[in-house]
K.L.:
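This is the structure I want to talk about, given as structure tokens.
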Amino acid sequence: MKTETGAAQPVLILAIETSCDETSVAVVKNGSEVLSNIISSQIETHRAFGGVVPEVASRKHVEVITLVIEEALATAGVTPDQLSAVAVTQGPGLVGALLVGVVAAKSLALAWGKPLIGTHHIAGHIYANRLVAELQYPCMTLVVSGGHTELVHMEREGEFRIIGRTRDDAVGEAYDKVARALGFPYPGGPHVDRLAREATEVVPLPRVWLEPGSYDFSFSGLKSAVLNVVNQSKMKGLTPDVAGIARGFQESVVEVLVEKAVRAVKATNSKQLLLCGGVAANAGLRAALISRCEAENIELIIPPPVYCTDNAAMIGAAAYVKWQHDGGTPLDMVADPGFSLEHWSVSAY
């Protein structure tokens, strides 16, 4: 769309993310410029339970969603009439949490007369990288989060093909379970990451490669190996070497993730490797990927931590791609906790 002077009018998308335990609303310009990105976290609430309680998460979203929307618009200096569309995470995620965002987005789209864009949560994580760099296709994405561990190949913009995924625990889930076994509160990932980098000794743990040539992942056996080490130490009346175990666990996870991601980049002739998801904030993983990609002459893109964890700016970035190719989503769309990333690919292909 152009203004009367002939200049292209910017596409301003109000994006809403409520898939789990963060209530976030952002205003994103042209899919890459973040005008606001407000995040209300529920970590302190769920820490008492040792993990996310879906019913509590939904209630917290209801309590703050209106305030977060108002703050996002005020911070961006944008009024509803200036918006091009309203985007929202359609799935995957906790169904009750998703519903809060979807109902809010539908209400705003209807009240303001704006198109609605149902957006895939993992597509959001992937396009968080576009907030910091221009993407070049084909590219490979390593998705690492509390619920997902996947290698996603993108031949073109908005086209997703999953070539590898976890067969059991996601990497973030494994970190939290190992942290609990080592005596740390939820969320456990940052504690394990910190201890692993501070440790002077390492407790060797197995690497799970699966079949030759497979890009899939498995972390449940590694988690069991950690529990075995902890229990054996206690049975002998010894104090487990918590730091050494954390380092052994992290080294095992990181080695497999990095090796399979680099192999996937080479096999698909990808121009870039993108890292995304909450575990992308892990300092040990970031350092290992940076070092390996420099050695292999692979261009690596990693968003800053604020765009790694769940946030609405990433949803705005992904929604822009969908908007450019497919336009809006019907107002009767529903929250889908099992939403397929590959099916969300833009229809231009």
K.L.:
Give the minimum heavy-atom separation between Y137 and E155, together with the two atoms involved.
P.N.:
CB-O, 3.4 Å
K.L.:
With a 4.5 Å heavy-atom cut-off, do T119 and V88 have their side chains touching?
P.N.:
no
K.L.:
Answer yes or no: is there a side-chain heavy-atom contact under 4.5 Å between R247 and V203?
P.N.:
no
K.L.:
Kindly give the heavy-atom pair with the smallest separation between N129 and P303, and that separation in Å.
P.N.:
OD1-CD, 3.3 Å
K.L.:
In this structure, would F249 and L285 fall into the same cluster of hydrophobic residues linked by side-chain contacts under 4.5 Å?
P.N.:
yes
K.L.:
Could you check whether the rings of F160 and Y127 sit parallel, tilted or perpendicular, using 30° and 60° as the cut-offs?
P.N.:
perpendicular
K.L.:
Are V171 and V262 connected, step by step, through hydrophobic side chains (Ile, Leu, Val, Met, Phe, Trp, Tyr) whose heavy atoms are closer than 4.5 Å?
P.N.:
yes
K.L.:
Can you list the steps and then say if V152 with V143 is a side-chain contact (heavy atoms from CB on, under 4.5 Å)?
P.N.:
CA-CA 7 Å; V152 182; V143 181; 4.1 Å; yes
K.L.:
Is there a path of hydrophobic side-chain contacts, each under 4.5 Å between heavy atoms of I/L/V/M/F/W/Y residues, joining I315 to V27?
P.N.:
no
K.L.:
Do L222 and V253 come close enough that some side-chain heavy atom pair is under 4.5 Å?
P.N.:
yes
K.L.:
Taking atom types as modelled and ignoring hydrogens, do the side chains of E159 and H153 form a donor-acceptor contact shorter than 3.5 angstrom?
P.N.:
no
K.L.:
Is any side-chain heavy atom of Q90 less than 4.5 Å from a side-chain heavy atom of M333?
P.N.:
yes
K.L.:
Give the ring-plane orientation class for H125 versus H121, where under 30° counts as parallel, over 60° as perpendicular and anything between as tilted.
P.N.:
perpendicular
K.L.:
Do S270 and Q272 have a side chain donor and acceptor closer than 3.5 Å?
P.N.:
no
K.L.:
Do C276 and T141 make a side-chain contact, defined as non-hydrogen atoms from C-beta onward lying under 4.5 Å apart?
P.N.:
yes
K.L.:
Any chance you could lay out the side-chain contact (heavy atoms from CB on, under 4.5 Å) test for M140 and L274, step after step, and finish with the verdict?
P.N.:
CA-CA 6 Å; M140 181 63 59; L274 318 179; over 6 Å; no
K.L.:
With heavy-atom distances below 4.5 Å as the criterion, would you say the side chains of R207 and E251 are in contact?
P.N.:
yes
K.L.:
Do L108 and L331 land in one hydrophobic cluster if side-chain heavy atoms of ILVMFWY residues count as linked below 4.5 Å?
P.N.:
yes
K.L.:
Does D169 form a salt bridge (charged side-chain N to carboxylate O under 4.0 Å, His left out) with K177? I'd like the steps, not just the answer.
P.N.:
CA-CA 10 Å; D169 291 348; K177 289 179 178 178; 3.4 Å; yes
K.L.:
Take L14 and W112, measure what side-chain contact (heavy atoms from CB on, under 4.5 Å) needs, and give me the verdict at the end.
P.N.:
CA-CA 12 Å; L14 178 87; W112 295 341; 3.8 Å; yes
K.L.:
Where the side chain of K223 meets the backbone of A174, is there a donor-acceptor pair that is under 3.5 Å apart?
P.N.:
no
K.L.:
Should L83 and V68 be counted in the same cluster of Ile, Leu, Val, Met, Phe, Trp and Tyr side chains packed under 4.5 Å apart?
P.N.:
yes
K.L.:
Find out whether Y215 and R263 are in side-chain contact, i.e. whether some heavy atom of one side chain is under 4.5 Å from a heavy atom of the other.
P.N.:
yes
K.L.:
Among residues two or more places apart or on two chains, list those pairs meeting side chain to side chain donor-acceptor pair (under 3.5 Å) that have a residue in residues 53-76.
P.N.:
T23-H61
K.L.:
Determine whether L273 and I301 make a side-chain contact, defined as any pair of heavy atoms from C-beta on separated by less than 4.5 Å.
P.N.:
no
K.L.:
Run the side-chain contact (heavy atoms from CB on, under 4.5 Å) test on E342 and I162 for me, step by step, so that the C-alpha distance in whole Å, both residues' side-chain angles and the decisive distance to 0.1 Å come before the verdict.
P.N.:
CA-CA 7 Å; E342 292 171 321; I162 299 174; 3.8 Å; yes
